[in-house]
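Side chains are part of it too, since the values below use all heavy atoms of this structure and drop only hydrogens, waters and symmetry mates.
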Amino acid sequence: MLHRVEVGEAFSNILLHRLAERAGLSDHERALAAELTLGVLRHRARLDRALARFLRYPLDDLTPRIRATLRVGAYQLIFLPRIPHPVAVHETVELARRVGHPGVVKLVNAVLRRLAAEGEPPLPDPAADPIAALAIRHSHPQWLVARWVARWGAEEAKALCAADNETPPSCLRVNMLLTSREAVLEMLRTAGAAAEASPAFDEAIRVRGGATQVRARLADEGKVTVQDEGALAVVRALDPRPGETVIDACAAPGGKTTHIAERMGNRGRVI
């Protein structure tokens with residue numbers, strides 16, 4: 001997944017769902033796969049900085065698959081204390097055997113063992129360089145952090161960076177033309193999901209694990225769409241009305257497009 005996202009072949013959220021279904025992962029395995037994939041994507045700059053300390057040449061000189069493998073190992077060592085370091089190193093080395101030659105397997109083993117033993121390099125001192133300290137700690141571009149600090153101050157910028165890296169709840173948008181939110185909530189809860197109505201949108205449900213088969217069936221039937229609440233807010237701001245013509249100029253894969261059609265009551269034109 002990480003390799004395909006880095007080379008621009010896919011979006012992580014869509015790929016996670018598809019590959020988890022294809023592999024038949026349990027809810028626990030699916031959660032760990034999501035944690036590793038999304039965690040690496042959120043903290044990649046910080047992970048790369050830690051790995052660079054133990055490499056004799058640039059990380060970019062390695063193949064994308066080995067870079068992804070090293071990042072998965074480093075993420076576990078730095079951010080997942082519940083996974084013992086020897087386990088994290090061993091599993092990552094085994095992954096390297098599948099995607100690389102014996103030389104890079106030794107490299108992965110050596111780099112991760114040193115990272116496990118010595119720990120992450122010290123982060124910049126906020127008192128000496130607050131912009132760099134925030135950017136590196138939260139893996140945000142320095143130019144963006146500088147802009148936020150200039151606009152809203154250091155504390156607000158810090159809060160924005162931290163919020164950016166939080167794991168959002170999985171959100172389902174209910175197709176109100178086919179069913180009701182109450183009916184979907186009942187099905188999810190009966191199947192063992194931790195589901196609750198979104199306080200922000202009357203067509204949205206927040207789900208925190210469980211009932212993956214029921215969720216997949218509802219999606220196949222067109223009754224729900226996996227969509228972040230931030231994307232729902234865009235269509236609400238647009239406020240499409242029945243009979244209007246709407247041009248969706250950046251549809252990929254089209255979650256907002258179908259939401260627009262639903263908000264129009266299927267009466268109108270969406271291009």
For Arg181, the salt bridge (Lys or Arg N to Asp or Glu O under 4.0 Å) test, sequence neighbours excluded, returns none
Closest non-hydrogen atom pair, Arg71 against Asp48: NE-OD1, 2.8 Å
Does any N or O in the side chain of Arg67 come within less than 3.5 Å of the main-chain N or O of Glu6, such that one atom is a donor and the other an acceptor? no
How close do Leu25 and Ala33 get, counting heavy atoms only, and between which atoms? CD1-CB, 4.3 Å
Keeping the roles fixed (side chain from Arg46, backbone from Ser139), state whether a donor-acceptor pair exists under 3.5 Å. no
Any link between Phe54 and Leu51 through a network of hydrophobic side chains (Ile, Leu, Val, Met, Phe, Trp, Tyr) touching at under 4.5 Å? yes
dist Leu19:CG -> Ser12:OG (nearest 0.5 Å) comes out at 11.0 Å
When rounded to the nearest 0.5 angstrom, what distance separates CG in Asp61 from CZ in Arg56? 12.5 Å
Does atom CD (Glu94) have a neighbourhood of more than 12 heavy atoms from anything else shown, all under 6.0 Å? yes
Check this for me, if you would: do Glu221 and Arg217 make a salt bridge, where the nitrogen-to-carboxylate-oxygen distance has to be below 4.0 angstrom? yes
What are the two closest non-hydrogen atoms of Cys171 and Glu229, and how far apart are they? SG-CG, 3.6 Å
So, Asp164 versus His140: side-chain donor-acceptor pair below 3.5 Å or not? yes
What do you reckon, is CZ of Arg137 surrounded by more than 12 foreign heavy atoms closer than 6.0 Å? no
If a pair satisfies salt bridge (charged side-chain N to carboxylate O under 4.0 Å, His left out) and one of its residues is in residues 104-117, list it, with sequence neighbours excluded. Arg114-Glu118
Just by distance, do the side chain of Asn109 and the backbone of Val93 share a donor-acceptor pair under 3.5 Å? no
Taking all non-hydrogen atoms of both residues, which atom of Arg49 and which atom of Pro121 are closest, and how far apart? NH1-O, 3.6 Å
For residues Leu32 and Leu36, determine if any side-chain heavy atom of one lies less than 4.5 Å from a side-chain heavy atom of the other. yes
How long is the gap from CG on Leu47 to CZ on Arg42, to the nearest 0.5 Å? 12.5 Å
Using distance only, find each side-chain donor-acceptor pair of residues 242-254 under 3.5 Å and give its atom names and separation, not counting sequence neighbours.
{"from": "Glu244", "atom 1": "OE1", "to": "Arg241", "atom 2": "N", "distance (Å)": "3.0"}
{"from": "Asp248", "atom 1": "OD1", "to": "Cys250", "atom 2": "N", "distance (Å)": "3.4"}
{"from": "Asp248", "atom 1": "OD2", "to": "Thr257", "atom 2": "OG1", "distance (Å)": "2.6"}

Kindly indicate, with the supporting measurements, whether the criterion side-chain contact (heavy atoms from CB on, under 4.5 Å) is fulfilled by Tyr75 and Glu35. CA-CA 10 Å; Tyr75 180 73; Glu35 172 72 31; 2.4 Å; yes
Got a donor-acceptor contact below 3.5 angstrom from the Thr37 side chain to the Ala34 backbone? no
Could you walk me through whether Leu62 and Leu107 pass side-chain contact (heavy atoms from CB on, under 4.5 Å), step by step? CA-CA 11 Å; Leu62 300 172; Leu107 171 71; 3.7 Å; yes
Shortest non-hydrogen contact from Val105 to Gly100? CG2-O, 4.3 Å
Nearest heavy-atom contact between Ala154 and Leu134 is O-CD1, 4.2 Å
Determine whether Leu95 and Val89 fall in the same hydrophobic cluster, where Ile, Leu, Val, Met, Phe, Trp and Tyr are linked whenever their side-chain heavy atoms lie under 4.5 Å apart. no
Hey, does Arg215 have a side-chain heavy atom less than 4.5 Å from the side chain of Ser170? yes
Are Leu172 and Ile260 co-members of a hydrophobic cluster defined by side-chain heavy atoms under 4.5 Å apart? no
hydrophobic_cluster_shared for Val72 and Leu80, side chain cutoff 4.5 Å: yes
Could you state the interatomic distance from OG (Ser180) to CG (Asp202), rounded to the nearest 0.5 Å? 11.5 Å
Separation between CZ (Arg65) and CZ (Arg4), nearest 0.5 Å, reads 9.0 Å
I want to check something: taking the side chain as every heavy atom from C-beta on, are Thr225 and His259 in contact at a cut-off of under 4.5 Å? no
side-chain contact (heavy atoms from CB on, under 4.5 Å) for Arg236 and Glu203? Distances and angles first, verdict last. CA-CA 11 Å; Arg236 284 299 192 91; Glu203 68 268 54; 2.7 Å; yes
Atom CD1 of Ile136 and atom CD of Gln142: how far apart are they, to the nearest 0.5 Å? 6.0 Å
Steps toward salt bridge (Lys or Arg N to Asp or Glu O under 4.0 Å) verdict (Glu156, Arg151): CA-CA 9 Å; Glu156 184 69 12; Arg151 287 181 175 178; over 6 Å; no
Say whether Leu2 and Phe79 are linked into one hydrophobic cluster, either directly or through other cluster members, by side-chain heavy-atom distances under 4.5 angstrom. yes
For Trp148 and Cys161, run side-chain contact (heavy atoms from CB on, under 4.5 Å): C-alpha distance rounded to whole Å, both residues' side-chain angles, the deciding distance at 0.1 Å, then the answer. CA-CA 9 Å; Trp148 287 352; Cys161 289; 4.0 Å; yes
